[in-house]
Amino acid sequence: MGTATEIEILDPELEIIDPHHHLWPPTGAVVSMAAGPGQQTEKGAQLPDCPPYSYADLRRDATSGHRVVGSVYVECSSFYRDDGPDHLRPVGESETIAAMELRDGLCQGIVGFADLMMGTSVKEVLEAHLEEAGPRFKGIRHSVAWDPDPGVYATYRRPPGGLLLDSRFRAGAAELTRRGLSFDTWLNFHQLPELTDFASANPDLTIVLDHLGGPATTGRHVGHRDEVRREWREHMIAASQRPNVFLKLGAIGMRAFSGPELFAGNPVTAERIEDYWGSDVRFCIDTFGPERCMFESNFPVDRALCDYVTLWNAFKLIASSYSLSEKEWLFARAARAAYRL
């Protein structure tokens, strides 16, 4: 394998909307992550494992061979305001991304953060996001990844368990529905029944389940990949019965979900990724249907595994058995539907 620019691009004419990427300031930048009732971080916490990734970096990746025609920025606690009320500081993220001069029209949607544990009061934060980002603001992500073992990889906010079942959280989610906004989250596989219940209670809310539904590989789950996937598949089948749930196929470059055996060797090839993840991803597609599944880059996080060209080649290998129409959904149309692009 050569460099990214030397790798043959599979299906180069296939349109891609990358529905999940981040932008991060230079390494060492400190951002505000003020703790609210649904998050357990300290104000001024430093983002862990966050390589700097600018819009120029994203554009360079998006134009490196594959036909990426749009993207969605997803919150990562970057660019928070450093003053003002704590609950409004996350609005700085949407404000900063929306203010970037994006003449190429690549970043078509913004998913910010608002603490849904504020209940109905979260409407102030949502309105502020909308005021700063306008129609490009598509919704919020409030990740709920929790495990009784603190050694299991979790979000930097370290949320408590049971948020999706909390009445305050659900009251906050209702404010999203009232504004036609979407709800993103990522969680661990054993929390999927809570998501299914949450989706049933909010049938008019578009829910985007990130990162393959969280088939965890760290902490108490180390060495139990087969057992995890058996339980994960059972819960995913149940979640798929809720028609308002979309699924993102990605985050395979996170050690939260991929074992060390995938990372061994350099560089990691698209064929190796397909061999490791292909059957699980195709299970997801066949369970939810291509109309509710979208491949995600999760860059720059997944850059820990491979470059952007290799990642999308791997996704195209995984999807090679599907029809052209099904591929169009998987690589662009489902993202357009979920985020109203």
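Quantities reported herein were computed from a predicted structural model and do not represent experimental measurements. Values below: all heavy atoms of this structure, side chains included; hydrogens, waters and symmetry mates excluded.
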Does the pair [X]/[Y] count as a salt bridge with the N-to-O cut at 4.0 Å?
X: Arg89; Y: Asp82; answer: no
X: Glu95; Y: Arg81; answer: yes
X: Asp61; Y: Arg303; answer: no
X: Glu234; Y: Arg230; answer: no
X: Lys327; Y: Glu15; answer: no

Looking at side-chain heavy atoms only, is the closest gap between [X] and [Y] below 4.5 Å?
X: Tyr73; Y: Glu93; answer: yes
X: Leu330; Y: Leu249; answer: yes
X: Ser143; Y: Leu187; answer: no
X: Asn298; Y: His21; answer: no
X: Ser77; Y: Glu75; answer: yes
X: Glu131; Y: Val91; answer: no
X: Glu194; Y: His235; answer: no
X: Asp115; Y: Val125; answer: no

Should [X] and [Y] be regarded as members of a common hydrophobic cluster, given that ILVMFWY residues are connected when their side-chain heavy atoms come within less than 4.5 Å of each other, either directly or indirectly?
X: Val152; Y: Ile252; result: no
X: Ile237; Y: Phe198; result: yes
X: Phe183; Y: Leu165; result: no
X: Val268; Y: Phe315; result: yes
X: Leu195; Y: Val74; result: no

Check whether any side-chain N or O of [X] sits under 3.5 Å from a backbone N or O of [Y] as a donor-acceptor pair, and report yes or no.
X: Asp184; Y: Gly139; answer: no
X: Asn244; Y: Asp204; answer: no
X: Arg67; Y: Leu14; answer: no
X: Arg170; Y: Leu164; answer: yes
X: Asn313; Y: Ala270; answer: no
X: Lys138; Y: Leu181; answer: no
X: Arg333; Y: Glu291; answer: no
X: Glu326; Y: Ser323; answer: yes
X: Gln108; Y: Val69; answer: yes
X: Ser258; Y: Gly253; answer: no

(request) Start with the C-alpha gap between Asp86 and Tyr80, add the side-chain angles, then the distance that decides, and say whether side chain to side chain donor-acceptor pair (under 3.5 Å) holds. (result) CA-CA 10 Å; Asp86 284 349; Tyr80 278 25; over 6 Å; no
(message) side chain to side chain contact (heavy atoms under 4.5 Å, CB included), that's the test. Do Ile16 and Lys316 meet it? Break it down for me.
(response) CA-CA 11 Å; Ile16 293 172; Lys316 289 175 178 180; 4.1 Å; yes
(message) Measuring centre to centre across the rings, with the benzene-like ring taken for any Trp, is His142 within less than 6.0 Å of Phe113?
(response) yes
(request) Please check if the distance between the ring centroids of Trp232 and Phe283 is under 6.0 Å. (result) yes
When rounded to the nearest 0.5 angstrom, what is the spacing between [atom1] in [X] and [atom2] in [Y]?
X: Glu175; Y: Ser121; atom1: CD; atom2: OG; value: 8.5 Å
X: Tyr339; Y: Ile17; atom1: OH; atom2: CD1; value: 11.5 Å
X: Lys248; Y: Arg292; atom1: NZ; atom2: CZ; value: 15.5 Å
X: Tyr55; Y: Asp104; atom1: OH; atom2: CG; value: 3.5 Å
X: Asp147; Y: Thr218; atom1: CG; atom2: OG1; value: 7.5 Å
X: Thr217; Y: Phe189; atom1: OG1; atom2: CZ; value: 10.5 Å

Write down the atom of [X], the atom of [Y], and the distance for their closest heavy-atom approach.
X: Phe137; Y: Leu130; value: CD2-CD2, 3.7 Å
X: Gly259; Y: Tyr276; value: N-OH, 2.9 Å
X: Ala338; Y: Ser182; value: O-CB, 4.3 Å
X: Leu192; Y: Gly213; value: CD1-O, 3.9 Å
X: Val144; Y: Pro159; value: C-CG, 3.7 Å
X: Pro90; Y: His129; value: O-CE1, 3.6 Å

(request) Mind running side chain to side chain contact (heavy atoms under 4.5 Å, CB included) on Leu116 and Arg168 for me, showing each step along the way? (result) CA-CA 7 Å; Leu116 294 185; Arg168 291 171 297 173; over 6 Å; no
(message) Check whether Phe263 forms a cation-pi arrangement with Arg255 (NZ or CZ under 6.0 Å from the six-membered ring centre, at most 45° off the ring normal).
(response) yes
(request) Carefully, step by step, assess Leu23 and Phe79 under the rule side chain to side chain contact (heavy atoms under 4.5 Å, CB included). (result) CA-CA 9 Å; Leu23 299 176; Phe79 313 112; 4.2 Å; yes
In terms of the angle between their ring planes, are [X] and [Y] parallel, tilted or perpendicular, with boundaries placed at 30° and 60°?
X: His211; Y: Trp186; value: tilted
X: His221; Y: His190; value: tilted
X: Phe331; Y: Trp312; value: tilted

Could you verify whether a donor N or O on one side chain and an acceptor N or O on the other, from [X] and [Y], lie under 3.5 Å apart?
X: Asp57; Y: Tyr308; result: no
X: Trp24; Y: Ser54; result: no
X: Thr196; Y: Arg242; result: no
X: Ser200; Y: Asp197; result: no
X: Asp18; Y: Ser297; result: yes
X: Glu328; Y: Ser325; result: no

(message) Test side chain to side chain contact (heavy atoms under 4.5 Å, CB included) on Leu247 and Met294; report intermediate values, then the result.
(response) CA-CA 6 Å; Leu247 176 64; Met294 63 192 91; over 6 Å; no
(message) Does Arg225 have more than 12 heavy atoms from other residues, nucleotides or ligands lying within 6.0 Å of its CZ?
(response) yes
